[in-house]
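Note that the structure is a prediction, hence the values are computed from the model and not measured. All residue numbers refer to positions in the sequence shown, counting from 1. As a basis for the values below, the full set of heavy atoms in this structure was taken, side chains included, without hydrogen atoms, waters or symmetry mates.
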Amino acid sequence: MAVDPSSPVLLFDSGLGGLTVLAAMRRLLPHAPVIYAADLAGLPYGEKTEAEIAARVAGLLGRMSERYRPRLICIACNTASTIALGMVRDVLEVPIVGTVPAIKPAAALTQSGVIGLLGTRATIRQGYVDRLEAEFAAGKRLIRHAAPDLVALAEDKLRGRPVSAERVAAAVRGMMEQPHGEDIDTVVLACTHFPLLEDELAQALGSHVRMVHGADGIARRIAHLTQGQPFARSQPDFAVVTGEPDPSLAPALEAWGLAAVKQF
Ligand code: DGL
């Protein structure tokens with residue numbers, strides 16, 4: 001069936017982390033209409049149970065795809081993807097691109113054989129991560145660490161609030177202090193919020209540590225799946241958010257080409 005040129009790509013995250021994927025997508029597909037959806041009423045997903053996350057993600061994406069008729073949905077959230085991707089794909093007809101920890105590229109890059117993985121508490125305990133580790137990092141050491149404070153700091157940063165270097169350092173210390181932590185030379189940013197703090201993290205981790213994340217790969221996947229489709233905006237791109245209106249959001253989102261913020 002022909003794709004409506006104004007049909008959007010819907011990017012979904014619990015908060016503003018998915019903007020790191022939007023940035024990568026804009027570089028490849030500048031003309032693609034976008035709706036950015038943030039489940040701010042559910043943030044942070046990383047502190048929720050699997051059942052809570054799956055119910056929220058499946059319910060919201062079902063309602064959003066009926067309302068906005070996206071050509072493709074990207075779950076721009078590692079926590080939601082590692083838990084609910086399969087389930088959402090089973091129930092929605094629209095193509096779904098997920099975001100999973102970039103363990104494969106990290107394993108190809110590491111020289112020391114010791115990889116750090118920063119994610120949310122919910123992501124790092126997923127069988128999905130066990131499977132990626134077994135498939136791509138066999139023979140390497142993967143040191144997982146939950147860094148929930150980085151989610152809050154990234155949300156603050158985007159709203160123009162100052163980010164404390166000490167809090168960023170404290171959030172990653174538990175990774176560096178695990179056995180063999182001093183040998184980490186590559187860190188997977190397994191949460192879409194974390195690349196928003198790339199400068200602060202580079203300071204905290206040291207210049208010998210390289211960071212990898214999936215945003216460019218996800219953007220390439222979206223470009224591949226929409227190849228040959230017509231793109232024409234019928235209105236400016238916008239964001240939809242759950243929860244209470246937050247006046248600090250509009251200026252933050254405008255900088256990402258999202259002209260309005262609507263409550264969902
Ligand atoms: N951005 C989300 C992720 O990639 C997580 C933030 C949260 O805890 O909700 O995992």
Side-chain angles (χ1 to χ4, degrees), residues 1-42 45 53-100 102 128 192-193 195 213-242 249 252-264:
M1 208 173 61
V3 174
D4 172 355
S6 68
S7 170
V9 171
L10 184 97
L11 292 180
F12 177 88
D13 183 28
S14 54
L16 304 183
L19 293 173
T20 56
V21 176
L22 174 60
M25 196 191 129
R26 293 266 198 234
R27 287 192 287 273
L28 283 187
L29 296 170
H31 302 297
V34 167
I35 296 177
Y36 184 83
D39 182 16
L40 292 175
Y45 279 4
I53 295 164
R56 289 195 81 87
V57 174
L60 281 169
L61 288 181
R63 286 167 52 213
M64 286 176 178
S65 62
E66 275 177 10
R67 191 175 301 179
Y68 302 120
R69 303 275 163 209
R71 70 181 74 204
L72 179 147
I73 293 173
C74 172
I75 304 181
C77 173
N78 289 260
T79 312
S81 297
T82 54
I83 291 168
L85 185 59
M87 176 185 314
V88 173
R89 278 194 175 134
D90 281 349
V91 295
L92 296 183
E93 275 172 349
V94 56
I96 318 267
V97 174
T99 312
V100 297
Y128 204 119
T192 51
H193 279 76
H213 61 82
D216 289 328
I218 297 156
R220 281 195 298 274
R221 182 80 191 133
I222 295 171
H224 174 75
L225 289 174
T226 57
Q227 210 167 17
Q229 295 180 3
F231 291 110
R233 285 189 179 88
S234 59
Q235 59 179 326
D237 292 345
F238 63 92
V240 288
V241 301
T242 60
L249 273 178
L253 292 174
E254 216 171 299
W256 301 76
L258 300 163
V261 184
K262 308 180 186 187
Q263 300 305 122
F264 186 75

Exercise. Kindly indicate, with the supporting measurements, whether the criterion side-chain contact (heavy atoms from CB on, under 4.5 Å) is fulfilled by Leu61 and Ile75.
Key: CA-CA 9 Å; Leu61 288 181; Ile75 304 181; 3.9 Å; yes
Quiz prompt | Distance, nearest 0.5 Å, that separates CD1 of Ile73 from CD1 of Ile96 | solution = 4.0 Å
Exercise. Starting at OG1 of Thr242, measure out to CE of Met64 and round the result to the nearest 0.5 Å.
Key: 7.0 Å
Quiz prompt | Taking every non-hydrogen atom, the tightest pair across Ala38 and Gly15 | solution = CB-O, 3.4 Å
Quiz item: If you look at every heavy atom in Thr192 and Gly18, which pair is closest and at what distance?
Solution: OG1-N, 3.7 Å
Quiz item: At their closest point, which heavy atom of Ala84 faces which heavy atom of Ala54, and how far apart are they?
Solution: CB-CA, 4.2 Å
Quiz prompt | Minimum-distance pair of heavy atoms, taken over all atoms of Arg71 and Phe231 | solution = NH1-CE2, 3.2 Å
Self-check item: Atom of Pro33, atom of Ser7 and distance for their closest heavy-atom approach
Solution: CG-O, 4.0 Å
Quiz item: Under the criterion side-chain contact (heavy atoms from CB on, under 4.5 Å), which of Val21, Leu258, Val261 is the partner of Tyr36?
Solution: Leu258
Practice problem: Please round to the nearest 0.5 Å and tell me the distance separating atom CG of Leu92 and atom CD of Glu66. | Solution: 9.0 Å
Self-check item: Gap separating the CG atom of Leu10 from the CZ atom of Arg69, nearest 0.5 angstrom
Solution: 13.0 Å
Self-check item: Steps toward side-chain contact (heavy atoms from CB on, under 4.5 Å) verdict (Ser65, Glu93)
Solution: CA-CA 9 Å; Ser65 62; Glu93 275 172 349; over 6 Å; no
Practice problem: Could you go through the side-chain contact (heavy atoms from CB on, under 4.5 Å) check for Ile218 and Cys74 one step at a time? | Solution: CA-CA 8 Å; Ile218 297 156; Cys74 172; 3.7 Å; yes
Quiz item: Under 3.5 Å, side chain of Arg233 to main-chain N/O of Ala32, donor-acceptor pair present?
Solution: yes
Quiz item: So do Val57 and Ile83 actually touch side chain to side chain, heavy atoms under 4.5 Å?
Solution: no
Self-check item: By side chain to side chain contact (heavy atoms under 4.5 Å, CB included) - contacts of Asp216 (at least two apart)
Solution: Ala24, Arg27, Arg220
Quiz item: Just wondering, do Leu19 and Leu11 contact through their side chains at under 4.5 Å, heavy atoms?
Solution: no
Quiz prompt | Exercise: identify the closest heavy-atom pair between Thr20 and Ala215 | solution = O-CB, 3.6 Å
Quiz prompt | pair Val34-Met25: side-chain heavy atoms closer than 4.5 Å | solution = yes
Quiz item: Nearest 0.5 Å, what's the CG-CG distance between Asp13 and Asn78?
Solution: 9.0 Å
Practice problem: Hey, can you tell me if Phe264 and Tyr68 have their rings parallel, tilted or perpendicular (30° and 60° cut-offs)? | Solution: tilted
Exercise. Check step by step if side-chain contact (heavy atoms from CB on, under 4.5 Å) holds for Arg26 and Asp237.
Key: CA-CA 12 Å; Arg26 293 266 198 234; Asp237 292 345; 2.7 Å; yes
Quiz prompt | Contacts of Arg221 that satisfy side-chain hydrogen bond (donor to acceptor under 3.5 Å, both in side chains) - sequence neighbours left out | solution = none
Quiz item: CG/Leu40 to CD/Gln263 distance, rounded to the nearest 0.5 angstrom?
Solution: 8.5 Å
Self-check item: Test side-chain hydrogen bond (donor to acceptor under 3.5 Å, both in side chains) applied to Tyr45 - qualifying residues, sequence neighbours left out
Solution: Asp39
Exercise. Look only at the side chain of Ser81 and the backbone of Thr99, and say whether a donor-acceptor pair between them is shorter than 3.5 Å.
Key: yes
